[in-house]
Structures are given as structure tokens and as C-alpha cells.
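Read through the structure below, which is laid out as C-alpha cells, and then see the notes.
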Amino acid sequence: MTDTHDTPRTRSLRLGVAGPVGTGKSSVIAMLCRKLNEEFTMGVITNDIYTDEDARFLRSAGVLPSERIRAVETGACPHTAIRDDVTMNLLAVEDLEKDFAPLDIVLVESGGDNLTATFSPALVDAQIFVLDVAGGGDVARKGGPGIARADLLLVNKIDLAEYVEVDVEQMVKDAQSARDGRPVLALSKKMPDTVEALCEWVRQLHAAHSRGVHTPTDPGPMAPHFHATDEGGYEHSHESGDSSGEHAHH
Amino acid sequence: MSARASLTTEHTIDRAGRGVSRVYGLRSQAPLVLRPTHPKSAEPFTRHATNVARVSLTSGAAGPLGGDHFELEVRVGRGSTLVLNEVSATLLLPGARGGLSQMRITITVEDDATLVWLPEPVIAAEHCNHVQDIDVALGTSSRLLMRDELQLGRHREPPGNLTQRIRVRRVGRPLFQQQLTVGPATPKWRSSAVGGGHKSLGTVLVVDPDWGGDPPSARILAHGAAMFPLAGPAVLISALADDTLTTRRLLDRGVAHLGDPWASEAAAAPSA
Amino acid sequence: MTPNAALLLLADGRLPAGGYAHSGGFEPTARLQGLNDAAALEDFLEGRVTTSGFVAAAFAAAACAAAHAGNIGRLGQLDPELDARMPSPAVRAVSRALGRQLLRVITRIHPHPVLATLDPHAHQPTVFGAAAASFDLSPQDAALAVLHETITGPASAAVKVLSLDPYEVHSALARLTGLLDELAVRAAAHALDDPDQLPADASPLLDIAAEHHRSWDVRLFAS
């Protein structure tokens, strides 16, 4: 990376949060900011479909100084903004890192789109994919690049499971089998142990990133016939991650 | 027909020891006639200075016509204040033998000087073919309020061809530059991106060095009117409407948002 | 040999420079003026391309010529001139944001010394011109690429803003190709003008629409 401001001192852990509309991405980000505020200096970039509503929600939640929450407008193309044309987001992240240096973590929230949208490794170092039980118990089994290969899959709002008749255990099990051993966390903001598990995952990721042992991987595009046992899919995602180059850490 | 008119003002001290702005070098050539007038009360936009120079321009009964070449040169000398207005609207007409009519206005406002230029609307009659060039050179501490209103065609009449170029530079650097071309030779001036078929449009440009890098912020005044802070100590108020009265009202509304001293003085000045 | 392929690369809307997020003033204009069909879109595009699009094209041509000549001083004069031609602060901000994004992309995909001489917040036409020069394209190529983007950006946005038949939208674009070629020639003729003589065609309704758009709480596009 040639940009002078992208030095190790100012380079944060860039963590993407993706997932379908209404699964609780903004809430997860608010939760992380609130819980990790004292350990890490954080910033947030939101990607909205319409205007800067998510940024405003987070500002009004008061979890961070409001100037550390910035919105990128994606022109009705939230998937483009995090995947094929990341320039706006990349500049927004770098500006935030520069203006509030040193930041430990920048969270990038994708615009709620669909199951196929994942972050490019040119933009983030790692990504969380958020599902919720209200979306139906079979969503995890259906898979998709985010569900199968994001660094972490969250099954959110598990406190609602009984009302929507979803078997959380089964949903998590389905997710695990779709993810080839990558982590899955069941989450409810009403269950402190699940919140702590999420925070702990972020802490370990940050530690690995700081030590330079974390390598961004790419969930890759939707693979129509992907199966959990398909080693090729796994290898492929590694390749993409390595070839991105830009965010490998020196 | 060709005509040239020019005027210069200077700041001087009168017998009572007060600073006054004085007109000198007033030069008229029919039909461009400049006439000093004497303010009875405080002038608009001049910080209540009573000793300002006031000049009215008359450009004849009708015209310029095709073939006419008019030139007006105004120099507002260091520290002086000039209020320049007009007796009546300008009606652009085609000449008997066709041809282009031209009006070239060159204005210099020196340091610590103020120009308040409030011309009446320019009406582009059918088949006119006119080019208007306005060139303004400002110093670092010059103040300017300049109004410009165009009516595109008389009542129920499409306009002829009109090109208007406005160029304002401050200490040699560009501050505001726009060219508007309307009429049958440029059908796309009616596009929803340009003029949208509005019959009347106008601007007020205000330059106030006291704003520094922080002029009043952008504001929407109506569907077709807004005020814009320029990249410098200046604001442009821009309005499009179906008649000149509405345009004037929208421009005045913008001026009322400029903050002191512009706003309060506008309120006190019926002629603005 | 003319580097035609480089021109296509530069003009391609898929160049990851963030253009997809902008409607070029079409979203607010459609709402403010009640535009609702392909004919209204075409009228908008023609107005935009012959005014602010033409200005941008002439500045891109001038930047391209300056970059070819290694005239860094002249490149630096273009942005203040563009500022003076964009009364709306929203329009200025978008032009500089798009310029910055384009500069970032071109610097990464095709490094060239001239790019390093640009202000990181240079206006889009300035960057476009310098980028075109870095690919050895001509001022007229630079102008054409800018004109192309001037109409294709709002056209793709229009399909999302209104319920338009995409074939009709592209028919309009097809009809405008001749105008684009003609404007590119005219714009390139200004490539060596003194900066203060470069075109300054106004689009007052676009300026006003841009400020309306900034004030909306809900919008699909960033401009």
C-alpha cells in the first residue's frame, strides 16, 4: 500500500458487518461500540440505501462520539459499494482513521441487501454476517457466501425464537455444517453471555490482526452448488484473499 | 449605432471634513446616458452611509437593437461607494437589418470600495440577437451587490437569442463565472436541467470580504430558487419563475437571509 | 495507433470510482419537475450534456492537454475556475468527491507521474483529463469520456428512480451519440484556451435541484 497515511500506526482493524435487511446489523454495531468502547478506540462507517438513517440511529444511540460515525451513500447499490466498487467506502474508512488516529477498530456496516452481498477483502480485514431467527430457521441451511464463509456468522434475536417457532439449536447446527468449522454465535442482546462471546471473538480477532497473523479471506461470490465439504470452495476463498494484496499486513 | 459611457468615483473629504464619495469623469453618449442623482436618505446596502455616489443609467427608449454596440465602464475608486441603478427595463429588439447587438459592461471595484448595482430587468424580445458581457474585477476588500434579471420574451412571446456572460474575479482569481444562452438557436435552454421553460430568471451576487471563508450557508428559497455560498466570500441567489415580479420577490427573500448588514438594509430599502 | 481500448476502459461505468451512487441531478429534478417518462429523461440529458457536461468536457480536454505538456501550473489553475462555474456547493462537493475517487482508482490501476501532481481533492474533469493523458489519450477523447459519463450516469439512475423501460432509456442514449461526438469536438477546441476563457455554460435548475436534494431526509442517490 503506497498511501502515506496507511501506516501501521493508523491502520485499524476494519471489520465488516453484512446481512439481510432487519437482522440487526445496526444493533450489533451499537452493542459492540457500547461494550468495547473502553478497550478500543472505534469508528463506524454506515452504508445506507436511503440517505444516512443508520448513521443517525447510531449517533442517537450515543455509543460513540457522533463525529466518529460517518455515512456513505450508495445510490441504491449497497452490494456494489462493499464489493465491486469499494472506493467510496475505502476513502471513508481511511479518512476516519486519519481524522481520529489511532483508531483500533473501524466497523463498516453494509446496507441491508440480501443473502449474497459480502465485503471485498480490498475493503475489510474480516466480516461478520448477521442472520436472525425471525428470517426463518431454514435460512442458515440455504447457505450462500456470507453464511458459509464470513469470518463469523451471527444468529441474532434468539430470544424471539419461541415466538417465530424456530429451533435455535437446529439453526446453529445447520449453520455450522454449512460453514466447515468456521464460528457461529447465537446472539441476543438480552442474554449477556452471548454478547460477551461476541465481544471475545472481536478481541481475539483484533489481537490476531495486531500481531499480523490474521489474513483476510474472501467469502467469494455465490457458489450455486457449493457444499460444506467442497474443499475447492475453501481454497478459492483463500486465493482471492491473498491476491487482493492491499490489506495484507506488513 | 455605437455608444460608450463611463464613470469613476472617488473617496474624498468635503468642506465639513466628512468623507464622501464623488463622481467624476462621467461620460455619456446617447443613448447611454449616466445621470448623477442625489440621495434623500440612506442608500440600501451601503452601511447607512449617506454620502454615497448615486448614478442612474438610461439607455434610450428601446434597444439595444440589432447592430448596436454599447459599452459601459465603471470604476469605483478606493474607499468610495456607488449606487448604480437604472431608470427602466432594457428591451432587446432585432434591428432593421438583423445583426447582433452587444452590451459590454466592465466594472472595477477597488479596495475598500462598494458597488451596489441594481439594474432593471433585461427583456429579450422575439427575434432579438444579443450578447451581454459583464466583467467585474474586485480587490481583496471590495464589496459588491449586483442584481441581474432576465425576462425571456414579452407577454406571450418567445425570446430571441440572448447570450449573457458574467465573469467576476477577485484579485485576479476566479470567483463567479457563468454563461447563459437562450433562444431558438439553443433549444436546450428549456431543458429541465437548465431553464425548464421559465419565463423569468434572475440572480443577486453579493461579495462581502467580512464573510471570509464562511459565507451564509446554502438555503432553498422556493421550488425554483436557492442561495449558494460560492467558493469565496460571496453568495449567489438564483431564482427562476414565470414572471419578473415573482423572480424579484424570490431574490429579495434571499437577500433577507444574508444577515447583517445586507438583510437589515434591504428591509429598509424599498427600491431593492 | 489510437488507444481506443484505454478510452473504453476510462469511460466504462464499471470503473470502480463510485459513479453508480450519483444520478447527476436527475433524482431531484424528476421529483421537483414531475418528470415521468423517457422523453423527459432525454430532455434532461440534453440540457445537462450541453451545459455542465460541456463545461466538464472542455475542462477535461484542457487538463488532458496540460498534462500532455507537463504544464502542472496550468493543471492547478483549472480547479478554481471550475469552482467559479459551480455556484452550488453541493455540486462542487460532488465534483470534488468524484474527482478524488477517480484519482484513487487511476493511481492504483495505472500509476503515472502526472497523477501525483494533482490536488487529492481535484475536480472530476481535472482528474479525468490527467488520467486520459496518462493513457496517452487525446483531449478530445477525454472530453468524449466525460460527456459519455454525463449522460450514462443519470440514465442508469433514472431506471431506478422512475418506472422506465430500459430499452427506451438506451434508445435515448443512442440518439444522443451524435450530439456527444459533436460536443467532444467543440470541447476539445477549448483545450488550449486561457483558463478564464474556458466555457461556463450555466444550468441554474440543476444547481437549485442539487440543494433541494441535499436537504432531503430520504434519497436513493448521493446526488
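By convention in this document, chain letters (A, B, ...) are assigned in the order of the sequence lines, proteins followed by strands, and residues within each chain are numbered from 1. All figures in this text were calculated on a predicted structure; none of them were measured in a lab. Atoms considered below: every heavy atom in the structure, side chains included; atoms not considered: hydrogens, waters and symmetry mates.
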Per-residue contact mode, B:Arg169 against chain C (heavy atom under 4.5 angstrom):
side chain

Checking the side chain of B:His198 only, and the main-chain atoms of C:Leu205 only, is there a donor and an acceptor separated by less than 3.5 Å?
no

Side-chain donor-acceptor pairs of residues 156-168 of chain C under 3.5 Å, sequence neighbours excluded:
unit_1	atom_1	unit_2	atom_2	d
C:Ser156	OG	C:Thr152	O	2.7
C:Asp165	OD1	C:Tyr167	N	2.7

Please classify the contact of B:Arg167 with chain C as side chain, backbone, both or neither, using a heavy-atom distance under 4.5 Å.
side chain

Write down the atom of C:Pro204, the atom of B:Leu240, and the distance for their closest heavy-atom approach.
CB-CD1, 4.0 Å

Distance, nearest 0.5 Å, that separates CG of C:Leu35 from OG of B:Ser192
4.5 Å

Within this structure, what is the CD-CD1 distance for the pair C:Glu211 and B:Ile220, rounded to the nearest 0.5 Å?
7.0 Å

Between OG1 on residue C:Thr51 and CD on residue B:Gln179, distance to nearest 0.5 Å:
11.0 Å

What parts of residues 60-88 of chain C touch chain B if we use heavy atoms and a cut-off under 4.5 Å?
C:Pro80, C:Glu81, C:Asp83, C:Ala84, C:Arg85, C:Pro87, C:Ser88

Working to the nearest 0.5 Å, report the span between CG of B:Leu201 and CD1 of C:Ile208.
9.0 Å

Using heavy-atom distances under 4.5 Å, tell me whether B:Leu236 contacts chain C through its side chain, its backbone, both, or neither.
side chain

Pair up each side-chain donor or acceptor in residues 183-190 of chain B with any protein partner under 3.5 Å, not counting sequence neighbours, and list the distances.
unit_1	atom_1	unit_2	atom_2	d
B:Lys188	NZ	C:Asp43	OD1	2.9
B:Trp189	NE1	B:Gly183	O	3.3

Among B:Ile166, B:Leu180, B:Leu175, the residue with the most heavy-atom pairs under 4.5 Å to chain C is B:Leu175

Select, from B:Arg173, B:Gln178, B:Arg165, B:Arg219, the one with the greatest count of heavy-atom pairs under 4.5 Å involving chain C.
B:Gln178

Bottom line for B:Ala234: the part with an atom under 4.5 Å from chain C's heavy atoms is neither

Taking a cut-off of under 4.5 angstrom between non-hydrogen atoms, the residues of residues 182-203 of chain C near chain B are C:Asp196, C:Gln197, C:Leu198, C:Ala200, C:Asp201, C:Ala202, C:Ser203

Note: vs chain C, highest number of non-hydrogen pairs under 4.5 angstrom among B:Ala218, B:Gly196, B:Pro229 is B:Pro229

